[in-house]
Amino acid sequence: MDKKTYVERACDYFNSGSSCAQSVFTAFHDEMGMTEEAAQKLSGSFGGGVGGLREVCGAFLAMSMALGALKGYLPGDQEAKEKHYALIQQKADSFRLQFKTIICRDLLLSHGITPTAKPAERTAEYYTQRRPCTAYVEACAQFVQDELELLPDR
């Protein structure tokens, strides 16, 4: 990895036009053995709370995917599955503690933004105000970065 933290990388992706989900997931592409392009494409459907449906926050979904790739389980390993689910549930609790919900539409509404299914065009005007999604990207990238630091060989 370059000298930037994964959180900084995620924010750079977001501020360069990647969706919330792409930003978090792609920040860890090298750790997952993926190309940047593959990570962008794989996570692209999850932006805007899954394809703009405004359900579970795309940054949170991408965090879950990254943790699955890095610390996940295989079918048939019930103990590992339970441990992984507990990890994701703990991250959801932490996210809710910070932001009150993991639901995209509610996160946007709490900032006075009316959610729509159409993705916002990334123009200079889009970036003139701090998007609330930047905080969600930062938090979710931090969750994954913290777990990486706990992996053996670190």
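Nothing fancy with the numbering, it's 1 onward along the sequence.
- There is a path of hydrophobic side-chain contacts, each under 4.5 Å, that joins M32 to V144.
- Note that CG of L42 is 8.5 Å distant from OG1 of T26, once rounded to the nearest 0.5 Å.
- To the nearest 0.5 Å, the span separating CD on E31 from CG on L70 amounts to 6.5 Å.
- Between H84 and Y73, the two ring planes are tilted [angle within 30° to 60°].
- With respect to S94, the side-chain hydrogen bond (donor to acceptor under 3.5 Å, both in side chains) criterion is satisfied by exactly one of K91, Q90, R96: Q90.
- Here CD of Q145 is found 14.0 Å from CE of M63. Values are rounded to the nearest 0.5 Å.
- You'll find the ring centres of Y136 and F60 outside the 6.0 Å limit.
- In this structure, the side chain of Q98 does not engage the main chain of F95 through any donor-acceptor pair within 3.5 Å.
- Of the N and O atoms on the side chains of Q142 and E138, not one donor lies less than 3.5 Å from an acceptor on the other residue.
- When hydrophobic clusters are built by joining Ile, Leu, Val, Met, Phe, Trp and Tyr residues whose side-chain heavy atoms come closer than 4.5 Å, directly or via intermediates, Y13 is not grouped with F143.
- A salt bridge is defined here as a Lys NZ or Arg NE, NH1 or NH2 lying under 4.0 Å from an Asp or Glu carboxylate O, and E37 with K41 meets this definition.
- For the pair T5 (side chain) and E8 (backbone), a donor-acceptor distance under 3.5 Å is present.
- Under the 4.5 Å side-chain heavy-atom criterion for ILVMFWY residues, no single connected hydrophobic cluster contains both F28 and V7.
- Remark: the backbone N or O of C11 is paired with a side-chain donor or acceptor of N15 at under 3.5 angstrom.
- Closest approach of F14 and C133 over heavy atoms only: CZ-CB, 3.7 Å.
- The main-chain N or O of M34 is found under 3.5 Å from a side-chain atom of H29 such that the two form a donor-acceptor pair.
- Taking SG of C104 as the reference point, atom CD1 of I113 lies at 9.5 Å (rounded to 0.5 Å).
- Side-chain atoms of S18 never come within 3.5 Å of backbone atoms of S23 as a donor-acceptor pair (strictly under, hydrogens ignored).
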field: Chi angles and distances behind the side-chain contact (heavy atoms from CB on, under 4.5 Å) call for V50, S45
entry: CA-CA 6 Å; V50 182; S45 297; 5.9 Å; no
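- Residue A39 comes nearest to F25 through the heavy atom pair O-CD2, 3.5 Å, listed as atom of the first residue, atom of the second, then distance.
- With values rounded to the nearest 0.5 angstrom, D30 atom CG is found 10.0 Å from E36 atom CD.
- The nearest pair of heavy atoms linking I102 to A92 is CG2-O, 4.2 Å.
- The distance from the OG atom of S110 to the CD1 atom of I103 is 12.5 Å, given to the nearest 0.5 Å.
- Summarising the geometry of L87 relative to L67, their closest heavy-atom pair is CD2-CD1, 4.2 Å, with the distance given to 0.1 Å.
- The backbone N or O of S43 sits nowhere less than 3.5 Å from a side-chain atom of Q22 that would complete a donor-acceptor pair.
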task: Any chance you could lay out the side-chain contact (heavy atoms from CB on, under 4.5 Å) test for L109 and D106, step after step, and finish with the verdict?
output: CA-CA 5 Å; L109 285 169; D106 296 337; 4.3 Å; yes
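- A donor-acceptor pair under 3.5 Å is formed between the side chain of R54 and the backbone N or O of T116.
- The nearest pair of heavy atoms linking A62 to V24 is CB-CB, 3.9 Å.
- Residues L61 and V56 share a closest heavy-atom pair of CD1-O, 3.4 Å.
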